[in-house]
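Just so it is clear, the structure is predicted and the values come from calculations on it, not from any experiment. Chain naming here is simple, since letters A, B, ... match the order of the sequence lines and numbering starts at 1 in each.
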Amino acid sequence: AQRVTQPEKLLSVFKGAPVELKCNYSYSGSPELFWYVQYSRQRLQLLLRHISRESIKGFTADLNKGETSFHLKKPFAQEEDSAMYYCALLHNAGNMLTFGGGTRLMVKP
Amino acid sequence: DVKVTQSSRYLVKRTGEKVFLECVQDMDHENMFWYRQDPGLGLRLIYFSYDVKMKEKGDIPEGYSVSREKKERFSLILESASTNQTSMYLCASRLTGPDTQYFGPGTRLTVL
């Protein structure tokens, strides 16, 4: 069965510090992974997907199949990055997304 | 811009009441989803639908049912609400495959 694990419920860093939000998955098929973000009082929205290999708002994420991880990174955190972040795995012939438990990122001034 | 709307932002119901949560999307997406969002548990899929009148159970379907009579509308039904169904409910829609999934604003349901 598929599973997504985000080991940290809360991550607190100072502005300008590097950030890494961890995501590990278990899935027998070929994984397609996403990061979604929810800012305060806003709806959940897509941040990035691994197939795009893009950087959004300075964030990147690399799929590491050997370690079954898809960690989200940013070299210099900004206060506006404070939000709830969810890692998600697409499965069931591309029909279903399974989400991790989420990590709340707090960037302090 | 894709719009996913939910009928209520806040709802308060009593134990045993029948509750309807409505979701409408305006982008002709085949797939629609209902999740509940709880602190520490993330989003858990309740049900999803890949076409009109078609539905599949997600990870936590117990105590819920759904209805999809029209492509743009997906309803979540709590036949007899219980206090452990107090939660934030999120609706989402997606075209197909690895396309972006778009979420509604959520309905915070409190069952007393």
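For the set A/R104, A/M96, A/E32, the entry with the most heavy-atom pairs within less than 4.5 Å of chain B is A/M96. Most heavy-atom pairs under 4.5 Å with chain A, from the set B/P39, B/G106, B/G58, B/G40: that is B/G40.
In this structure, no portion of B/E30 lies under 4.5 Å from any heavy atom of chain A. Only the side chain of B/L45 comes within less than 4.5 Å of a heavy atom in chain A; its backbone stays farther off.
Atom-to-atom distance recorded for A/L97:CG and B/Q101:CD is 4.5 Å, nearest 0.5 angstrom. A distance of 4.5 Å separates OH in B/Y35 from CZ in A/F99, rounded to the nearest 0.5 Å. Taking CD from A/Q38 and CD from B/Q37, the interatomic distance works out to 4.5 Å, rounded to the nearest 0.5 Å. Rounded to the nearest 0.5 angstrom, B/L43 CG and A/T98 OG1 are separated by 10.5 Å.
Under the 4.5 Å side-chain contact rule for hydrophobic residues, B/L90 and A/V37 do not share a cluster. Residues B/M27 and B/F74 do not share a hydrophobic cluster, defined by chaining ILVMFWY side chains whose heavy atoms lie under 4.5 Å apart.
No more than 12 heavy atoms of other residues, nucleotides or ligands shown are found within 6.0 angstrom of CD on A/E67. Surrounding CZ of A/F76 are at most 12 heavy atoms belonging to other residues, nucleotides or ligands under 6.0 Å away. Within a 6.0 Å sphere centred on CZ of B/R44, heavy atoms belonging to other residues, nucleotides or ligands number more than 12. Few gaps surround NZ on B/K71; more than 12 heavy atoms of other groups in view lie less than 6.0 Å from it. By the 6.0 Å contact criterion, NZ on A/K108 is enclosed, its count of non-hydrogen atoms from other residues, nucleotides or ligands being greater than 12. The number of heavy-atom neighbours closer than 6.0 Å to CE of B/M88, taken from other residues, nucleotides and ligands shown, is above 12.
Side-chain contact of B/T100 with A/R49: a donor-acceptor pair under 3.5 Å is present, judged by distance alone.
No donor-acceptor pair under 3.5 Å is formed between the side chain of B/Y102 and the backbone N or O of A/Q45. Counting only distance, with no hydrogens or angles, the side chain of A/R43 and the backbone of B/V4 share a donor-acceptor pair below 3.5 Å.
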